[in-house]
Chemist: 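Here you go, one structure.
Note that the structure is predicted; figures quoted are calculated from it, not measured. Just so you know, these numbers use all the heavy atoms, side chains as well, and skip hydrogens, waters and symmetry mates.
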Amino acid sequence: EIVHIKNNNDDISIVFPSENDKFKIDPILKPEYQVIHMKAIVPEGTNEICWIIDGKESRVTKNPFTFKWNLVKGSHTAQIKNNNKFVKLF
């Protein structure tokens with residue numbers, strides 16, 4: 001099964017996954033081991049960001065601004081929010 005993710009760049013940016021990345025779900029591997037290690041870059045001085053997956057706040061992270069997200073079948077939306085500024089993955 002394929003998971004589709006796209007992104008765009010700004011002064012806060014999701015650097016992984018990259019635009020148009022596709023991930024395959026392994027039918028044999030346990031779901032809890034099938035994760036994407038999302039990573040964001042943010043302006044210096046940023047204390048934390050909020051990761052929003054499919055419109056729902058999922059996690060607040062601090063430096064190094066990474067988020068482990070379990071693969072789920074289908075297309076998904078991901079955003080990061082920093083001081084009310086959003087970057088969206090489509």
Side-chain angles (χ1 to χ4, degrees):
E1 301 182 38
I2 305 291
V3 176
H4 301 274
I5 299 178
K6 296 183 181 181
N7 74 347
N8 63 2
N9 292 318
D10 206 334
D11 60 342
I12 65 172
S13 180
I14 298 170
V15 293
F16 187 81
S18 298
E19 186 170 357
N20 296 316
D21 278 357
K22 295 177 184 175
F23 301 89
K24 197 168 206 177
I25 296 174
D26 186 329
I28 298 170
L29 191 62
K30 291 181 179 182
E32 60 266 23
Y33 296 120
Q34 300 190 57
V35 298
I36 299 172
H37 294 260
M38 296 186 175
K39 177 149 181 66
I41 55 172
V42 299
E44 191 173 324
T46 300
N47 294 321
E48 59 186 29
I49 60 172
C50 180
W51 293 87
I52 302 163
I53 307 297
D54 294 332
K56 298 176 185 170
E57 291 189 7
S58 295
R59 173 99 24 102
V60 173
T61 60
K62 298 180 185 233
N63 197 349
F65 305 108
T66 59
F67 174 56
K68 291 180 184 178
W69 181 71
N70 288 83
L71 287 172
V72 178
K73 180 181 174 182
S75 294
H76 302 279
T77 340
Q79 296 175 293
I80 54 175
K81 180 173 74 168
N82 169 24
N83 298 328
N84 297 321
K85 183 165 190 174
F86 290 87
V87 170
K88 186 174 186 177
L89 289 173
F90 300 95

Chemist: Locate the shortest heavy-atom distance separating Lys73 from His76; write the atom from each residue and the value.
Modeler: O-NE2, 3.4 Å
Chemist: With a 4.5 Å cut-off on side-chain heavy atoms, are Phe67 and Ser58 touching?
Modeler: yes
Chemist: Compare all side-chain heavy atoms of Thr66 with those of Phe16 and state whether any distance is below 4.5 angstrom.
Modeler: no
Chemist: Please answer: with hydrophobic residues joined when any side-chain heavy atoms are less than 4.5 Å apart, are Val35 and Ile14 in the same cluster?
Modeler: no
Chemist: Restricting to pairs with a member in residues 28-47, which pass salt bridge (Lys or Arg N to Asp or Glu O under 4.0 Å), not counting sequence neighbours?
Modeler: none
Chemist: Would you please name every residue forming a side chain to side chain donor-acceptor pair (under 3.5 Å) with Asn70, sequence neighbours left out?
Modeler: none
Chemist: What pair of heavy atoms forms the shortest contact from Ala40 to Ile80, and how long is it?
Modeler: CB-CD1, 3.6 Å
Chemist: For Asn47 and Phe65, work out which heavy atoms get closest and say how close.
Modeler: O-CE2, 4.0 Å
Chemist: Linking directly or through intermediates, with side-chain heavy atoms under 4.5 Å: list the remaining ILVMFWY members grouped with Leu29, chain and number order.
Modeler: Tyr33
Chemist: Does one hydrophobic cluster hold both Val60 and Ile52, with members joined at side-chain heavy-atom distances below 4.5 Å?
Modeler: no
Chemist: What is the distance from atom CD of Glu48 to atom CG of Asn63, rounded to the nearest 0.5 Å?
Modeler: 12.0 Å
Chemist: With sequence neighbours excluded, tell me which residues meet salt bridge (charged side-chain N to carboxylate O under 4.0 Å, His left out) with Lys68.
Modeler: none
Chemist: Mind checking the CD-CD1 spacing from Gln79 to Ile53? Nearest 0.5 Å is all I need.
Modeler: 9.0 Å
